[in-house]
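Have a look at the structure below before the remarks.
The structure presented is a predicted model; accordingly, all values stated were derived computationally and were not measured. Chain naming here is simple, since letters A, B, ... match the order of the sequence lines and numbering starts at 1 in each.
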Amino acid sequence: MLEKPTHFIRTKIAEQIKQGQLDVPVTRFPPEPNGYLHIGHAKSICLNFGLAQEFGGRCHLRFDDTNPAKESQEYIDAIEADVRWLGFQWDALHHASDYFETLYQWAVHLIQHGDAYVDEQSAEAIRATRGTLTEPGVESPYRDRATAENVARFSQMRAGELPDGAAVLRAKISMASPNLNLRDPIIYRIKHVSHPRAGDAWCIYPTYDFAHGQSDAIEGITHSLCTLEFEDHRPLYEWFLKKLPVPSKPKQTEFSRLELEGTVTSKRKLNTLVTEGYVQGWDDPRMPTIAGLRRRGYSPEGIRLFCERIGVTRKPNTIEYQILEGAVRDDLEGRAQKGLAVLDPIRVVVDNWTESPLALEIPWHPKHPEYGSRVAYFGPELWIDRSDFEEDPPEGFFRLTPGGSVRLKYGFIVDHVETIRVDGRIETLIVRYDPATRSGQDQSGRKVKGTIHWVDANTAQRVAIRWYGPLFTVPDPARADELASVINPESLIKRTAWVEPAMAVCQPDAYWQFERLGFFKQDPESTPKHVVYNLTVGLKDQWAKKQS
RNA sequence: UGGGGUGUGGCCAAGUGGUUAAGGCAGCGGGUUUUGAUCCCGCCAUUCGUAGGUUCGAAUCCUACCACCCCAGCCA
């Protein structure tokens with residue numbers, strides 16, 4: 001019913017197709033395998049794969065693996081798994097490293113046409129002569145060496161005759177360009193490092209600028225989508241495509257990257273969190289990585305809904321974290337099995353319960369009978385949550401109070417009789433149940449204001465709960481000087497809960513709602529003997545909001 | 001300071017000279033409800049960074065100014 005919100009890239013593609021300038025779009029998602037994918041990548045994945053899908057085009061997964069010093073097979077595997085988990089399948093899988101030979105030949109082509117030269121200045125000298133934002137750079141003394149000499153030197157670089165840093169290949173553009181990227185950019189450097197895929201075949205590697213556009217061209221990419229910080233690279237991207245005999249002419253289009261309130265999304269900072277032990281790994285449920293969100297219990301559909309809601313523009317933006325949570329709640333609402341769990345128990349004794357425990361058959365979801373049902377027991381001794389009883393209730397409190405009544409969901413209405421304290425702490429509530437008020441067959445006509453959750457103390461099972469809060473104490477941790485100074489010491493609280501027997505079963509793939517509390521998912525560490533639930537996100541709670 | 005961008009309600013975001021400036025999230029009010037959830041309904045920008053100008057008519061065109069973001073890796 002709701003139309004997909006449009007954005008400038010979708011509009012542009014639709015227009016190009018309409019004008020007959022484009023058959024179908026071909027896009028690519030081009031991660032560098034130097035870390036795990038995060039929520040910002042999800043935006044790009046949804047955009048690239050989504051657009052291809054929508055217009056009947058193709059989308060490639062291409063690893064931008066041009067810097068072996070930082071890359072690894074672990075990351076390659078994790079990235080593939082994350083893209084699949086998000087629900088996308090690539091039409092082709094490529095690696096920039098597949099094109100190393102072609103790229104090398106094209107570098108030679110540049111040299112032969114006087115468009116590139118081997119510079120043997122030190123890294124420091126190159127930096128010192130690049131100029132500044134306001135002053136032009138200084139041309140290298142090697143800039144005008146003979147073509148033959150360049151060719152020879154470059155092949156020595158390839159042959160491994162020169163050590164790291166001894167020479168680089170530079171495009172010969174202009175040291176006076178106001179765009180720093182055009183001041184004779186480095187396009188090949190020597191790295192005697194073996195490559196996760198190419199092994200030891202190479203000791204020189206192309207830079208991003210020299211690899212990316214040409215890879216796009218080789219693959220017939222029509223729309224090369226990237227984030228805004230690459231905008232200044234576009235003239236260079238186009239310069240190579242113009243100078244080289246490439247098979248197609250892709251166009252680069254930039255959009256703004258996702259910033260999420262309360263998180264960091266730079267791989268460097270995420271890496272710091274992992275290596276300095278602030279979290280337990282890239283897939284820690286507090287991490288904004290795809291792997292972390294998955295473990296936390298976010299669904300792929302929820303993340304895709306989020307990406308749809310935030311839009312695509314060129315405007316700097318910081319999305320409120322609630323938008324992610326809202327999208328996930330909206331998806332989980334219809335997806336989760338809903339059961340009863342008590343986190344902070346008070347014992348409730350039903351003093352007029354004389355029969356044996358009553359088996360109640362309860363559907364897992366009120367709107368989805370196809371999810372099936374389970375049996376839970378109601379008996380003489382129950383647990384309810386501490387927050388559902390108030391001796392001195394504030395205005396508008398409609399849970400259990402002294403002398404008051406409340407419905408135990410799926411069970412009966414109970415009336416409070418007595419409060420028993422031990423050392424000042426409320427330990428037990430004596431209540432009386434009203435047999436005429438059984439759920440689904442209530443003949444009493446009684447109405448109570450509140451309905452609360454509960455579990456039967458005699459059949460309930462204990463499970464572990466990992467209760468997560470924000471990883472950081474500030475909305476903009478990326479701006480903090482020291483990440484350590486803004487870490488939330490209470491981002492993980494280990495708790496326990498009493499759950500009905502059917503929820504103490506190891507089911508790591510299911511999504512759960514603990515009624516009135518939140519959405520939960522079992523951690524992969526969960527076993528049949530030790531079930532562990534992660535808090536995905538709490539339910540909206542107007543009462544709590546009103547209280548604060 | 002040179003270059004490249006961006007400015008529409010609390011957060012996103014449509015809109016590209018002509019009905020009362022879409023929509024989502026949040027918020028507020030109401031209804032339904034055996035989850036204070038979900039669901040449903042209603043309300044929520046005389047105004048589009050600011051100041052001028054063009055025009056019968058401007059968020060949309062022009063001028064100036066202001067604010068913020070990116071760029072000086074042999075990272076991507």
CA sep, side-chain torsions, deciding dist, call: His453(A), Lys409(A), side chain to side chain contact (heavy atoms under 4.5 Å, CB included): CA-CA 6 Å; His453(A) 60 279; Lys409(A) 192 164 187 187; 5.6 Å; no
rC69(B) phosphate, OP1 or OP2, under 4.0 Å from Arg479(A) side-chain N/O: yes
Polar pair under 3.5 Å, donor/acceptor by atom type, side chain Glu308(A), base rG24(B): no
Sugar-phosphate, base or nothing in reach of Val312(A), heavy atoms under 4.0 Å: sugar-phosphate
N/O donor-acceptor pair, side chain Arg399(A) with base rG36(B), under 3.5 angstrom: yes
Under 3.5 Å, which N/O atoms of the protein pair with N/O atoms of nucleotides 59-61 of chain B?
none

Spacing of CD belonging to Glu261(A) relative to OH belonging to Tyr321(A), to within rounding of 0.5 Å: 11.0 Å
Thr66(A) side chain near rA76(B) phosphate (N/O to OP1/OP2, under 4.0 Å): yes
salt_bridge(Arg407(A), Asp442(A)) N-O dist < 4.0 Å: yes
Presence of Thr451(A) side-chain N/O under 4.0 Å of rU35(B) phosphate oxygens OP1/OP2: no
Lys545(A) side chain near rA26(B) phosphate (N/O to OP1/OP2, under 4.0 Å): no
Side-chain donor/acceptor of His233(A) to base of rA76(B), under 3.5 Å: yes
Side-chain H-bond candidate by donor/acceptor type, Thr313(A) with Asn317(A), under 3.5 Å: no
Tyr377(A) atom OH, neighbour heavy-atom count above 12 within 6.0 Å: no
Short side-chain N/O contact from Arg130(A) to OP1 or OP2 of rC74(B), under 4.0 Å: yes
Touch class at under 4.0 angstrom, heavy-atom based, for Asp232(A) against every strand present: base
Arg516(A) vs rG36(B): side-chain N/O to OP1/OP2 distance below 4.0 Å: yes
Sub-4.5 Å side-chain heavy-atom contact between Glu361(A) and Arg374(A): no
Over 12 foreign heavy atoms within 6.0 Å of NZ, Lys269(A): yes
Under-3.5 Å donor-acceptor pair between Lys338(A) side chain and rU35(B) base: yes
Sugar-phosphate only, base, or nothing, as touched by Ile310(A) at under 4.0 Å among non-hydrogen atoms: sugar-phosphate
Watson-Crick and G-U pairing of RNA chain B written in dot-bracket, each distance under 3.5 angstrom, with | for inter-strand partners: .(((((((.[[[..)..(....]]].(((((.......))))).....[[[[[..)....]]]]])))))).....
